[in-house]
2 protein chains.
Amino acid sequence: MVRKTKAEAEQTRQQIIDAARKVFLELGVGRASLERVAQVAGVTRGAVYWHFENKAALFYAMREESAHVFDELEQDLVSDRLANPLDAVEESLLGFFKVLETHPKVREVFEIMALRCEYVDEFAPILYEVNKPCIDFLARLCKVYGWAAERGYLRAGLDPEAMAYDTLSFATGLFNNWMIDDEADDVRRRAHAMIRSHVALRRA
Amino acid sequence: MVRKTKAEAEQTRQQIIDAARKVFLELGVGRASLERVAQVAGVTRGAVYWHFENKAALFYAMREESAHVFDELEQDLVSDRLANPLDAVEESLLGFFKVLETHPKVREVFEIMALRCEYVDEFAPILYEVNKPCIDFLARLCKVYGWAAERGYLRAGLDPEAMAYDTLSFATGLFNNWMIDDEADDVRRRAHAMIRSHVALRRA
DNA sequence: CATTATACATACAATCACGTTTGTTTGTGA
DNA sequence: TCACAAACAAACGTGATTGTATGTATAATG
């Protein structure tokens, strides 16, 4: 009972990625054996090695699935469809965490990348790929805060670039605290209010 | 040539911890074998297992060394020795990153914890111990921002608690971006300016 | 319809790291 | 000084993973 149809093969490939996500999340990337991934996927290691060269390749494939969910989101930020650019910043940040809330797969992948992966050797390059959208986000923030300043929406005396860096750090930190999700600070429930308060801080 | 003096034994223990830090940083905690740690320390696995129960215990010991470097720093925040509490916040944040710059061992431990460790099983509890100082920091920030509001140093209309959460996220994010240290954003060089700009944002 | 490459399952070999046990020397306390 | 335990080194056994090699049934292709 082998040699399945192309569609079926693609399906098993997807099953393997889904299984990898579960196993990576539970055991961490390092301790996750491809044997266990295969078990959870309902196949053998033969199938895993057929579709992916090794664990790193599987990790990259898993990541790429969720990487491009935010493309439209970033596009929104600089679309300039809102009169007040600061509203665009707010919406962009709210949208990011909304995705984390509504897309469990994406959330799990980000949790793996934040807390269940050691960035050495084959995995070290991922760190910079993960960081790349952040650099983009920073550039967009600079532009948008610049617009806000020009149009008088940014409080007088505030430097757009400085605001961009501040917002980048804020977003990064909120993301990390959101992932850890300690009951004591309850960041996950406060996230929306925090975002609004963060942006309000620089409104004219 | 065994049965060394107590002082010598303590020294080898320290050598093992130092070696662990190097190996963890290079290979990640998961891939770091105690054999390699022993080699770098100039001993055998026998010595490692004599001083530490296993890799996790060694990790905990390594961490604890650097954990209490910031105690005085947090104390400073609520010491109320500065007229303007916002200056205390600024100094506290600057002090944190100054420690990272001046204490390479501490920096390495924090880099291991941020990027070279998978928080599962025996390592999962560490995540909450790491987060505990953050909770403390948040509480202190609430108090200090409250003082600032009372004394009129906080810009009118700003909620002290909201400011505390914003600063916590900022600090967390700055720390993470500082660790990744991409040349593109150059956060590590801008850190001081970012901190000052962050605090300035809420001055009256 | 014969052939071929696909999509796996199974089997194999090799390494590696871990925990434990045993052995050895020598500080140290009585 | 004597007995004991500290502070390791060395050896042992074991299970877990990895990569590869081989087998095989069947979908695709001409």
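Because only heavy atoms are used, hydrogens play no part in the values below, and waters and symmetry mates are left out as well, while side chains stay in.
You'll find the side chain of A:Phe59 reaches within 4.5 Å of the side chain of A:Met113, heavy atoms only. Side-chain atoms of B:Ser197 and A:Met163, non-hydrogen and from C-beta on, do get closer than 4.5 Å to each other.
Relative to the side chain of B:His51, the nucleotides D:dC8, C:dC18, C:dA7 differ in distance, and D:dC8 lies closest. Proximity note for A:Tyr49 (side chain, C-beta onward) versus D:dT18, D:dC8, C:dT6: the nearest is D:dT18.
The separation between B:Leu34 atom CG and C:dC16 atom P is 16 Å, rounded to whole Å. The nearest whole Å value for the distance from the CD atom in B:Gln39 to the C1' atom in D:dA9 is 14 Å. The distance from atom NZ of A:Lys4 to atom C1' of D:dT24 is 14 Å, rounded to the nearest whole Å. A:Asn54 has its CG atom 13 Å from the C1' atom of D:dT20, to the nearest Å. Rounded to whole Å, the distance from CH2 on B:Trp50 to P on C:dT20 is 14 Å. Spacing between atom CD of B:Glu8 and atom C1' of D:dC8 amounts to 12 Å, rounded to whole angstrom units. Rounded to whole Å, the distance from CD on B:Glu10 to P on D:dC8 is 10 Å. Remark: P of D:dT18 and CG of A:Asp121 are 15 Å apart, rounded to the nearest angstrom.
Considering A:His192, A:His198, A:Arg203 in turn, A:Arg203 is the only one that fulfils the side-chain hydrogen bond (donor to acceptor under 3.5 Å, both in side chains) rule with A:Glu90.
In this structure, A:Ser33 reaches the sugar-phosphate backbone alone: every heavy-atom distance under 4.0 Å involves primed, P, OP1 or OP2 atoms, never a base. Backbone-only contact: A:Ala32 has heavy atoms under 4.0 Å from sugar-phosphate atoms and none from a base.
By the neighbour-count criterion of 12 heavy atoms within 6.0 Å, atom CZ of B:Arg189 is sparsely surrounded, having that number or fewer from other residues, nucleotides or ligands.
Where B:Arg45 and B:Lys6 each meet DNA chain D at their nearest nucleotide, the meeting point lying more 5' is that of B:Lys6. For A:Gly46 and B:Glu53, each mapped to the nucleotide of DNA chain C holding its nearest heavy atom, the one lying further toward the 5' end belongs to A:Gly46.
Between D:dA7 and B:Thr12, no contact under 4.0 Å exists linking OP1 or OP2 to a side-chain N or O. A close approach under 4.0 Å does occur between a side-chain nitrogen or oxygen of A:Thr5 and OP1 or OP2 of D:dA28.
Ring pair B:Phe137/B:Phe96: centre-to-centre distance not below 6.0 Å.
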